[in-house]
Amino acid sequence: MDDLTTGTVVIFVLGVLLGFEVIGKVPATLHTPLMSATNAIHGVVLAGAIAMAVTADDPLGYALVGVAGFFAAMNVTGGYVVTDRMLEMFRPAGDRAPRREEAPR
Amino acid sequence: MNAVVQLAYLAAAVCFVTGLHLMNSPPTARFGNRVSAAGMAVAVAATLVLVVRDGGPSGAGWLTLAIGVLAGSVAGVHSGRRTPTTAMPQLVSLFNAVGGGAAVLVGAHDLLDSPGVAVRVPAVLDVLIGGVTFSGSLIAAGKLHGVVPGRPIRLPGGSVPVFLLAAAGLGVGGAVAADRYTAWVLLALAGLALAIGVLGVLPIGGADMPVVVSLLNACTGTAVALVGFVLDNTVLVVAGALVGASGGILTKLMADAMNRSIPDIVLGGYGTGDGTTPQVTGAAAVRAIEADDAAILLAYARKVMIVPGYGLAAAQAQHAARELADLLAGRGIEVGYAIHPVAGRMPGHMNVLLAEANVPYEQMRDLDQANAELPRADVALVVGANDVVNPAARRPGNPVSGMPILDVDRAAHVIVIKRSMGSGYAGIDNELFTDPRTAMLFADARAGLGRLTAAVKVLVG
């Protein structure tokens, strides 16, 4: 195992420990938005799809690049948009548009 | 130049961690998600700089990448914006599926280039794990959406076929890792992984899907980290590791809240997912109530606790609940929503649904707050909830034993809006329904709440 790979393993292990610590403190009401937020973060596989385009040089390779790009872009954009929509609903009451169409009797 | 890209990757990783940290509390959560998105933009931009410096893809490579990314972005943004809130859990599962699919394709593509062993091993694991999450998440999304039956689909031989497929997958994976393979062997490897995902999730009941989606989300994170090893890309490694670990913790928290163990869930066969199994053994002692009589109880109460459950989510009755609550609050009645951690389809999903209906965050009570207030409530209005309010959970020896419940039976009066006497996911009778203080209003959640609101309006002018 060369130095580069050892360094990557160190990064991986520290990333795992960080993930454990960051999540332990989130309240239950935010669990669904949180799952969606972490779902968006693994959309970083888009960077992998971009890197993959460099080595593609035949029709099969191009097809794989196109589909991987489609999948990864859908994961990352959709993930952030839907998480933002969920969290938009947690605004403090004062920030909201008036919510009653008619005054309560 | 490489140092600049690596520092940009570090900045992106800091944004991901900071963003998740800001999601600790509702007021900063949305900002946290945006910090994370900014980190994502930096990571993607830095990667583009990196590939351009390395000579970049060919013209055809740029073209297919651009077409794919553009189409994927349109699909992601459109579905993310347009999907109704009640369908968000299956949408998250779908996004998880495509993330796993992308990880498989990147790993498989690298394996076609006859790489060294330090790439082959993580790439094989990536194809296996990513393939399982791709097909497994699609089945989970189908179950949540109702296009795949929610009940556990039992396979001949129980878990044996899945274990055999897993063993075959590891065998084929070993051959690839040992550099004895062709493109057809890679196809077989991916096919085995897809089959494991399908056959692994089909036997699991719809009630356990949230935990399954969370588990598969963690698996996708791990697959993405493995892609990072394949491409020697640090931002993929750190982001994948972060998601793998956080997803694992989240899965454990969800399983604990439902009083289920992760191995039990994965082995499957629990719950119908439909909640309509007719079990009417206690029906004789049940007291039915009409909307007019229930309205009197509500209109003259001082404190009302609304207890929303899966039935409210399924009937999309969150707006109807808020309308009734506003009407009561307008009469000076103290109204709160008692929200069980696993009410709805996912932990926290009920909060999202109620927030969408403009229920003030201050009216939502979590389990502990609700149980402190329920003994002082004049009326507890249970809307489509069952197992989470079953007092049997306090006794040992039944499927819900030990599950944390809302102490609805400690309120002075209990009104339950429910379509029938059908049992919940656990498949057992609920003695709350036969309690002398409980009255049953048999209706669909939305229709029942609408009738109550109309009756209260008539009553108080």
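Just so we're on the same page: letters track the sequence lines, and every chain starts at 1. We use all heavy atoms of the structure for the numbers below, so side chains are in, but hydrogens, waters and symmetry mates are not.
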Taking every non-hydrogen atom, the tightest pair across Leu231(B) and Ala51(A):
CD1-CB, 4.2 Å
Given that the side chain runs from C-beta out, which part of Leu94(B) has a heavy atom under 4.5 Å from chain A: side chain, backbone, both or neither?
side chain
Most chain B-contacting option - heavy-atom pairs closer than 4.5 Å, from Val54(A), Asn39(A), Leu17(A), Val45(A)
Asn39(A)
Which heavy-atom pair separates Val65(A) from Gly61(B) by the least distance, and what is that distance?
CG1-O, 4.3 Å
In the structure I gave you, are the side-chain heavy atoms of Met74(A) and Ser73(B) within less than 4.5 Å of one another anywhere?
no
Checking Asn96(B), Thr133(B), Thr222(B) against His42(A) for side-chain hydrogen bond (donor to acceptor under 3.5 Å, both in side chains), the one that qualifies is Asn96(B)
Quick check for you: among Val67(A), Val16(A), Leu46(A), which has the greatest number of heavy-atom pairs under 4.5 Å with chain B?
Val16(A)
Heavy atoms only, distances under 4.5 angstrom: which of Ala223(B), Pro57(B), Gly248(B), Gly240(B) has the most pairs with chain A? Name it, please.
Pro57(B)
Flag side-chain contact, heavy atom, 4.5 Å: Phe229(B) against Val9(A):
yes
Close side-chain approach of Val82(A) to Thr83(B), heavy-atom, < 4.5 Å
no
Say whether, by atom type as modelled, one donor and one acceptor occur between the side chain of Arg85(A) and the main chain of Arg81(B) under 3.5 angstrom.
yes
Any side-chain heavy atom of Arg34(B) sitting closer than 4.5 Å to one from Asp84(A)?
yes
Which value, rounded to the nearest 0.5 Å, describes the distance between Leu226(B) atom CG and Phe12(A) atom CZ?
6.5 Å
Do you know which of Ile67(B), Asn233(B), Val17(B), Val227(B) has the most heavy-atom pairs under 4.5 Å to chain A?
Val17(B)
If you count heavy-atom pairs under 4.5 Å between each of Gly101(B), Ala60(B), Gly100(B), Gly107(B) and chain A, which one has the most?
Ala60(B)
For Ser36(B), does its backbone N or O pair with a side-chain atom of Tyr80(A) as donor and acceptor, under 3.5 Å?
yes
Where on Val76(A) is there a heavy atom nearer than 4.5 Å to chain B: the side chain, the backbone, both, or neither?
side chain
Among the listed options Ser79(B), Ala218(B), Gly32(B), Ser214(B), the residue most often paired with chain A at heavy-atom distances under 4.5 Å:
Ser214(B)
Walk me through whether Ser58(B) and Asp57(A) qualify under side-chain hydrogen bond (donor to acceptor under 3.5 Å, both in side chains).
CA-CA 8 Å; Ser58(B) 62; Asp57(A) 53 6; over 6 Å; no
Greatest number of non-hydrogen atom pairs under 4.5 angstrom with chain B, of Ile11(A), Leu64(A), Thr77(A), falls to Thr77(A)
So do Arg30(B) and Thr83(A) actually touch side chain to side chain, heavy atoms under 4.5 Å?
no
Looking at CE of Met40(B) and CD1 of Ile41(A), how far apart are the two atoms once the value is rounded to the nearest 0.5 Å?
6.5 Å
Relative to chain B, which of Val81(A), Asn75(A), Leu14(A) shows the most heavy atom pairs under 4.5 Å?
Asn75(A)
Counting only non-hydrogen atoms closer than 4.5 Å, does Ser25(B) touch chain A with its backbone (N, CA, C, O), its side chain (CB onward), both, or neither?
backbone
Tell me, do Leu60(A) and Leu112(B) make a side-chain contact under 4.5 Å, heavy atoms counted?
yes
Could you check which of Ala63(A), Ala53(A), Ala49(A) has the highest count of heavy-atom pairs closer than 4.5 Å to chain B?
Ala53(A)
Rounded to the nearest 0.5 angstrom, the NE2-CG distance for His31(A) and Leu253(B) is 5.0 Å
Shortest non-hydrogen separation from Gly15(A) to Val238(B) and the atoms involved:
CA-CG2, 4.4 Å
Nearest heavy atoms of Met35(A) and Pro210(B), plus distance in Å:
CE-O, 4.0 Å
Most contacts with chain B, counted as non-hydrogen pairs under 4.5 angstrom, among Ala40(A), Gly43(A), Ala56(A):
Ala56(A)
Would you mind telling me which of Thr234(B), Val224(B), Asn217(B) has the largest number of heavy-atom pairs within less than 4.5 Å of chain A?
Asn217(B)
Under the side chain to side chain contact (heavy atoms under 4.5 Å, CB included) criterion, do Phe71(A) and Leu105(B) qualify, and how do the steps go?
CA-CA 10 Å; Phe71(A) 279 173; Leu105(B) 295 175; 4.2 Å; yes
Rounded to the nearest 0.5 angstrom, the CG-OG1 distance for Asp232(B) and Thr8(A) is 5.0 Å
Nearest heavy-atom contact between Val44(A) and Ala43(B) is CG2-CB, 4.3 Å
Identify which of Gly221(B), Ala37(B), Ala71(B) forms the greatest number of heavy-atom pairs closer than 4.5 Å to chain A.
Ala37(B)
Which answer fits Phe134(B), side chain, backbone, both or neither, if we ask what part of it has an atom under 4.5 Å from a heavy atom of chain A?
side chain
Search all heavy atoms of Ile50(A) against all heavy atoms of Val44(B) and return the closest pair with its distance.
CD1-CG1, 3.8 Å
Are the side chains of Leu18(A) and Leu20(B) in contact, using a 4.5 Å heavy-atom criterion?
no
Please report the interatomic distance OG1(Thr32(A)) to CG(Leu353(B)), rounded to the nearest 0.5 Å.
9.0 Å
To the nearest 0.5 Å, what is the distance between OH on Tyr62(A) and CG on Leu63(B)?
10.0 Å
